Chemist: 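Take this structure, written in structure tokens, and hold onto it; I'll ask about it next.
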Amino acid sequence: MNNKSIGVFDSGLGGLTAVKQIMNELPNESIIYFGDTGRVPYGTRSRDTILKYTRGDIRFLKTFDVKIIVIACGTASSAALPMIKDEFDVPIVGVIDAAVYAAVRATKNKRIGVIGTQGTIRSGEYEKQITAYDPEMKVFNRACPMFVPLVENGYFDTPVTKLIVEEYLEEIRDEGVDTLILGCTHYPLLAKAIGEYMGDGVKLINSGAEVAKYLKKKLHDETAHSENTDETQYRYYVSDDVAGFEELGSIFLEREINGQVSKIDIERY
Ligand code: DGL
């Protein structure tokens, strides 16, 4: 048993898709969340910049003596984690493995779509891992750079959201995929618009939620889970506007987070 907190980070709101599921799966765990809202988006940055940001985010979370760090960001998980995972003396998990595991089990026709940021798609990490499971799998990739600003501005299901969804997903839909990996943790916030466009026959894989399920198994297997029933704490840190994060974060998590969010200077880490 280990009652230390779990550290989770993303470039902004997207990682809350993992936090929400961790709260459901592991209700006794305390969580420290960092959303790098001052430097979002990560997905359009060079690999060097993503590496620099990822290292800084991990160093910040380590100041809380967390027991594990979840990179709830597809971009940092694919473009940085393989390079930096041995640099730190804390276990670090990313979203790719868990999402791939769910997708290869879900597909019946072996045609999987992957959508993510430019950084994630450019890394080729999803395709590499899916075809390592089964070389017969066909993977159809598409970067969707306008999705993250839609989410960060609260455009979850508006007419403009639907138009952009159609623009990005038409080719993947026409390829007849039966499974679509939402390879950026922001995208589940657009799941309604994406699901309606893709149709009922396509299973959406929420990479944030999948990493939470993986985390539950890992912590229990290693008896590193918390049995703390009365003192579960959630704290949120951002690198820019607190009020905007409190507002959208409360809507998405369906719990009030006002007063639990603080601003930090991430450049110090
Ligand atoms: N939510 C992140 C991801 O999963 C980052 C998106 C971004 O900042 O571009 O890729």
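We're numbering straight along the sequence, starting at 1. Just so you know, these numbers come straight off a predicted model, no measurement behind them. Whatever order the structure lists ligands and atoms in, that order sets their numbers, starting from 1.
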Chemist: Are the charged groups of E87 and R59 less than 4.0 angstrom apart, N to O?
Modeler: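 Here E87 does not pair with R59 in a salt bridge, since their nearest N and O are not under 4.0 Å apart.
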Chemist: Is there a nitrogen or oxygen of G43 sitting under 3.5 Å from a nitrogen or oxygen of ligand 1?
Modeler: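 In this structure, G43 places an N or O atom under 3.5 Å from an N or O of ligand 1.
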Chemist: Looking only at heavy atoms, what is the nearest atom pair of C184 and T117, with distance?
Modeler: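 Heavy-atom minimum between the residues: SG-CG2, 4.0 Å.
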Chemist: What do you reckon, is CG of D221 surrounded by more than 12 foreign heavy atoms closer than 6.0 Å?
Modeler: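 More than 12 heavy atoms, drawn from other residues, nucleotides or ligands, come within 6.0 Å of this atom.
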Chemist: So, the side chain of T158 versus the backbone of Y155: is there a donor-acceptor pair under 3.5 Å, distance only?
Modeler: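 No, T158 side chain to Y155 backbone: no donor-acceptor pair under 3.5 Å.
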Chemist: If only atom types and distance count, is the side chain of T185 paired as donor or acceptor with the main-chain N or O of A72 below 3.5 Å?
Modeler: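 Looks like yes, one N/O pair under 3.5 Å.
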Chemist: Got the closest protein heavy atom to atom 1 (N) of ligand 1, with its distance?
Modeler: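 Here the nearest protein heavy atom works out to H186 ND1, 2.7 Å.
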Chemist: For the residue pair R105 and Y101, would you count it as a cation-pi contact if the rule is NZ or CZ under 6.0 angstrom from the ring centre and within 45 degrees of the ring axis?
Modeler: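 So R105 does make the cation-pi contact.
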Chemist: Does Y197 have R173 sitting over its ring (NZ/CZ under 6.0 Å from centre, angle to axis within 45°)?
Modeler: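 Geometry flag: set, cation within 6.0 Å and 45°.
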Chemist: Looking at F60, F34, Y33, which hits ring pair (Phe, Tyr, Trp, His ring centres under 6.0 Å) with Y237?
Modeler: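 The passing option is F60.
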Chemist: At less than 4.0 angstrom from any non-hydrogen atom of V148, what atoms of ligand 1 do you find?
Modeler: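 Ligand 1 atoms under the 4.0 Å threshold to V148: 6 (C), 7 (C), 9 (O).
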Chemist: Indicate the ring-plane relationship of F245 and Y236, choosing parallel, tilted or perpendicular according to the 30° and 60° boundaries.
Modeler: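 F245 vs Y236 ring planes: tilted.
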Chemist: Using a 3.5 Å cut-off on N or O atoms only, is G74 in polar contact with ligand 1?
Modeler: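 Yes, there is a polar N/O contact under 3.5 Å.
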Chemist: Any N/O of T185 closer than 3.5 Å to an N/O of ligand 1?
Modeler: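 Indeed, backbone or side chain, T185 has an N or O that close.
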Chemist: D10 versus ligand 1: do any nitrogen or oxygen atoms come within less than 3.5 Å of each other?
Modeler: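 Yes.
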Chemist: By number and element, which atoms of ligand 1 are closer than 4.0 Å to a non-hydrogen atom of T117?
Modeler: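 Contacts of ligand 1 toward T117, numbered from 1: 6 (C), 9 (O), 10 (O).
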Chemist: For ligand 1, which atoms, with element, lie under 4.0 Å from some heavy atom of P41?
Modeler: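 Here the atoms of ligand 1 in question are 7 (C), 8 (O), 9 (O).
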Chemist: Heavy-atom distances under 4.0 Å decide this one: backbone, side chain, both or neither, for V40 against ligand 1?
Modeler: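 Only the side chain of V40 comes within reach of ligand 1.
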Chemist: Tell me the contacting part of C73 for ligand 1: side chain, backbone, both, or neither, using a 4.0 Å heavy-atom threshold, strictly below.
Modeler: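 Near ligand 1, C73 shows its backbone as well as its side chain.
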Chemist: Counting non-hydrogen protein atoms only, what is the nearest one to atom 7 (C) of ligand 1? Give residue, atom name and distance.
Modeler: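 Here the closest protein heavy atom is Y42 N, 3.3 Å.
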Chemist: For atom 5 (C) of ligand 1, what's the nearest protein heavy-atom neighbour? Residue, atom name and distance, please.
Modeler: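 Among all protein heavy atoms, the one nearest atom 5 (C) of ligand 1 is S11 OG, 3.2 Å.
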Chemist: Is T120 in polar range of ligand 1, meaning some N or O pair under 3.5 Å apart?
Modeler: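 In fact, backbone or side chain, T120 has no N or O that close.
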Chemist: Identify the closest protein heavy atom to atom 10 (O) of ligand 1: which residue and atom is it, and at what distance?
Modeler: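 Sorting protein heavy atoms by distance from atom 10 (O) of ligand 1 puts T75 OG1, 2.6 Å first.
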